[in-house]
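Throughout, a chain's letter reflects where its sequence line sits, starting with A, and its residues are numbered from 1.
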Protein chains: 2
Amino acid sequence: MIHTKDKIIEAAERLFAEQGYASTSLRQIIAEAAVNLASVHYHFGSKERLLDDLVHRKADPVNQARLSLLDASESKAAGRPLSVEQILNAFLLPTAKAASADPTFVRLMGRIHAEGLMPAIVQKHFLPTAQRFVSALRRALPDLPEAEFLWRVHFMMGAMSYTMCGTPIFPAAIEDFHSRMEKLVRFLSAGFRAPAGNGEEKPA
Amino acid sequence: MIHTKDKIIEAAERLFAEQGYASTSLRQIIAEAAVNLASVHYHFGSKERLLDDLVHRKADPVNQARLSLLDASESKAAGRPLSVEQILNAFLLPTAKAASADPTFVRLMGRIHAEGLMPAIVQKHFLPTAQRFVSALRRALPDLPEAEFLWRVHFMMGAMSYTMCGTPIFPAAIEDFHSRMEKLVRFLSAGFRAPAGNGEEKPA
DNA sequence: GTCTATACTGAGATAGAC
DNA sequence: GTCTATCTCAGTATAGAC
């Protein structure tokens, strides 16, 4: 038998990914893990910190892989701006890789974004990485007016988080995660390269 | 002084839109509305049915406007398929209109989608309308392989719901909702028209 | 028909014994 | 480190006043 802490983490990850954070009670988790209720608070402090710990363990390595890929692409480009596709691939390929190794994990990540209001966790674990990618995208799209660019980043984040959740309302083909990410890259890079509107700022 | 039911609805709409459904307690709502706790269950039956009633009152007229615009475009086209832009505009212009008349409403709609698991409400109030628009999009994009098409619809729904929530993580220009919707249409229609991948089915 | 008072169950959190 | 007991607050249900 393994440590109490690990049993809690294991049960929590599965239940959070399946049912969402809010809908999962600590009492459900401790029943699955066969541990005592108070042990959750002893090891993690609170339900929210349990989620934070989970995200820390699972998302940080993926974010590291994302940044490594981006670094590699950038040093290969030797100062020239990357293509939108290269940047999006650097972000999404580690996601696909993690998803095939551990399918529950990506659903959990999607839920964390989609379920909305845990801004603290999102900021803490995703913002630093996200900012590097946004900067790279900005360099790849120098002619896009700023407001247009920022909203497109926003649209992208919506599409990504929704997609990672994994359960489409319309029954789409259940296929390997990798080709889903490829579809997403095609869709998003075309969106980013769309001509800007002429309303507010004009492209250079 | 107005009816208890209206006071509850008013308070609930604002609080749900601001804090989300799960994070808003009935006791908060009744405090704001200055009514008794049990009156919520007398008039609505449960917290979930209160939300359902709210969505019914607010979203159904918008969905009607969406379908009217789509109908108008389709009869003007006289059998020819609509453009992706026309279809997306028919969906998003009523959203923008509703948003300028009642800013809290659209945030609530965004939350309902984003906050994830209230599939019953989403199905009941959005699926019928959504299906008409998906069919129209399918006719506008006859050459897109089915899997590619369905996932692009999925990406679109993610971008839309995320956008309606209204609070971007990256500080984007706060501007009128209408030009935000125009940006979204440009982004999404370019995404829909991106070349498909060559992996699975070939375009006609 | 409406509204109030109150009680019930289950959630997260905490204190203290072991 | 772990467990029991308990606290507060959530959503819900009902009995009864007007």
May I have the distance from [X] (atom [atom1]) to [N] (atom [atom2]), rounded to whole angstrom?
X: B:K5; N: C:dG1; atom1: NZ; atom2: P; result: 12 Å
X: A:E48; N: C:dG12; atom1: CD; atom2: P; result: 13 Å
X: B:K47; N: C:dG10; atom1: NZ; atom2: P; result: 18 Å
X: B:F44; N: D:dT12; atom1: CZ; atom2: P; result: 13 Å
X: A:N36; N: D:dA5; atom1: CG; atom2: P; result: 11 Å

Item to check | Neighbour count >12 (heavy atoms, 6.0 Å) for atom CZ, A:R49 | outcome: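 Count not over threshold, so no.
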Checklist entry - For DNA chain D, what residues of residues 24-34 of chain B have any heavy atom nearer than 4.0 Å? => result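 Heavy-atom cutoff 4.0 Å gives B:T24, B:S25, B:L26, B:R27.
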Next on the checklist: My understanding is that only residues two or more places apart in sequence, or in another chain, count here; which of them pass side-chain contact (heavy atoms from CB on, under 4.5 Å) with B:L69?
Outcome noted: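 Scan of B:L69 (side-chain contact (heavy atoms from CB on, under 4.5 Å), adjacent residues dropped) gives B:A90, B:L93, B:P94.
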Next on the checklist: Below the 4.0 Å mark, does C:dC3 have OP1 or OP2 next to a side-chain nitrogen or oxygen of B:H43?
Outcome noted: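 It does, given that an N or O in the side chain of B:H43 lies less than 4.0 Å from OP1 or OP2 of C:dC3.
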Checklist entry - Does a nitrogen or oxygen in the side chain of B:T4 sit under 4.0 Å from OP1 or OP2 of C:dC3? => result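 For B:T4, the contact criterion (side-chain N or O under 4.0 Å from OP1 or OP2 of C:dC3) is met.
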Next on the checklist: Can you tell me how the ring of B:H125 sits relative to the ring of B:H56, calling it parallel under 30°, perpendicular over 60° and tilted otherwise?
Outcome noted: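 If you compare the ring of B:H125 with that of B:H56, the planes turn out tilted.
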Checklist entry - Is it the case that B:K97 places NZ or CZ above or below the six-membered ring of B:F177, under 6.0 angstrom from the centre and within 45 degrees of the axis? => result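 Verdict for B:F177: no cation-pi partner in B:K97.
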Checklist entry - Think A:R66 forms a cation-pi with A:F133, using NZ or CZ under 6.0 Å from the six-ring centre and within 45 degrees of its axis? => result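 Cation-pi check for A:R66 and A:F133: fails.
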Checklist entry - Stepwise, does the salt bridge (charged side-chain N to carboxylate O under 4.0 Å, His left out) test hold for A:R107 with A:E18? => result CA-CA 8 Å; A:R107 302 196 58 207; A:E18 277 169 16; over 6 Å; no
Checklist entry - Taking the six-membered ring for Trp, are B:F155 and A:F155 ring centroids under 6.0 Å apart? => result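 B:F155 vs A:F155: aromatic centres not under 6.0 Å.
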All N/O contacts under 3.5 Å from nucleotides 14-18 of chain C to the protein, with atom names and distances to one decimal?
none

Next on the checklist: Check whether A:S75 reaches the backbone of A:A72 with its side chain - one donor and one acceptor, N or O, closer than 3.5 Å.
Outcome noted: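 Present.
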